Amino acid sequence: MRLKITAGMIALSGILALPISSLTQTDERHREAQREQDAHDRRHHNTAKTVGGSAAGGAAVGALAGGGKGALIGGAVGAGGGVVADKVRKHQGVKKRERRMDPQ
């Protein structure tokens, strides 16, 4: 009887340990994908291009709509939108790299 309980406990602990090991692999894969995406972005200055281009576009629209003050406000709004767009782009890039690294 005691042997059955011990064997059952060992089997249960083995089954419960599986998700923990897969989470560790997922975390490692995510960190690696994030490092690769950050390195790629630094090499190509993608963040600066996205935020700068959005700020320039916002400033141009603001200048047409409201002169100098409108350009300042438009540039700030454009830069804020560029930061959000860059975060979304990076997140999508990391997810794409994770799928590429997935062994399945």
Side-chain angles (χ1 to χ4, degrees):
M1 183 70 175
R2 190 170 187 112
L3 181 61
K4 285 183 182 181
I5 292 173
T6 305
M9 294 298 265
I10 290 172
L12 182 63
S13 65
I15 290 171
L16 292 176
L18 287 176
I20 294 172
S21 64
S22 68
L23 283 176
T24 304
Q25 291 172 353
T26 302
D27 289 343
E28 290 172 8
R29 190 168 47 235
H30 179 74
R31 281 192 297 269
E32 179 65 26
Q34 206 165 22
R35 275 194 297 270
E36 288 178 8
Q37 183 68 37
D38 289 343
H40 178 269
D41 288 346
R42 278 193 301 272
R43 269 194 314 274
H44 297 284
H45 307 288
N46 287 340
T47 299
K49 290 177 191 176
T50 304
V51 175
S54 299
V61 170
L64 292 174
K69 187 176 179 182
L72 185 64
I73 294 170
V77 170
V83 168
V84 171
D86 188 59
K87 290 289 278 185
V88 169
R89 183 193 56 78
K90 281 185 180 182
H91 179 71
Q92 289 174 345
V94 168
K95 293 299 176 194
K96 185 177 178 181
R97 288 175 192 278
E98 284 178 348
R99 283 191 303 271
R100 205 177 301 150
M101 296 166 88
D102 197 17
Q104 296 175 349

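Only a predicted model underlies this, so the values are computations on that prediction, with no experimental measurement involved.
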Are a donor atom and an acceptor atom from the side chains of Gln34 and Asp38 found within less than 3.5 Å of each other?
-> no

Here the gap from Glu36 atom CD to Arg100 atom CZ, rounded to the nearest 0.5 Å, amounts to 8.0 Å

To the nearest 0.5 Å, atom OG1 of Thr50 lies from atom CZ of Arg89 at 5.0 Å

Between Glu28 and Arg31, is there a salt bridge with N-O shorter than 4.0 Å?
-> no

Spacing of CD belonging to Gln37 relative to NZ belonging to Lys96, to within rounding of 0.5 Å | 9.0 Å

Donor-acceptor side-chain pairing of Asp86 and Thr47 below 3.5 angstrom | yes

In short, Ala33 meets Arg97 closest at the heavy-atom pair O-CD, 3.6 Å

Between atom OG1 of Thr26 and atom CZ of Arg29, what is the distance when rounded to the nearest 0.5 Å?
-> 4.5 Å

For residues Gly82 and Ser54, report the shortest heavy-atom separation together with the two atoms involved.
-> CA-OG, 3.4 Å

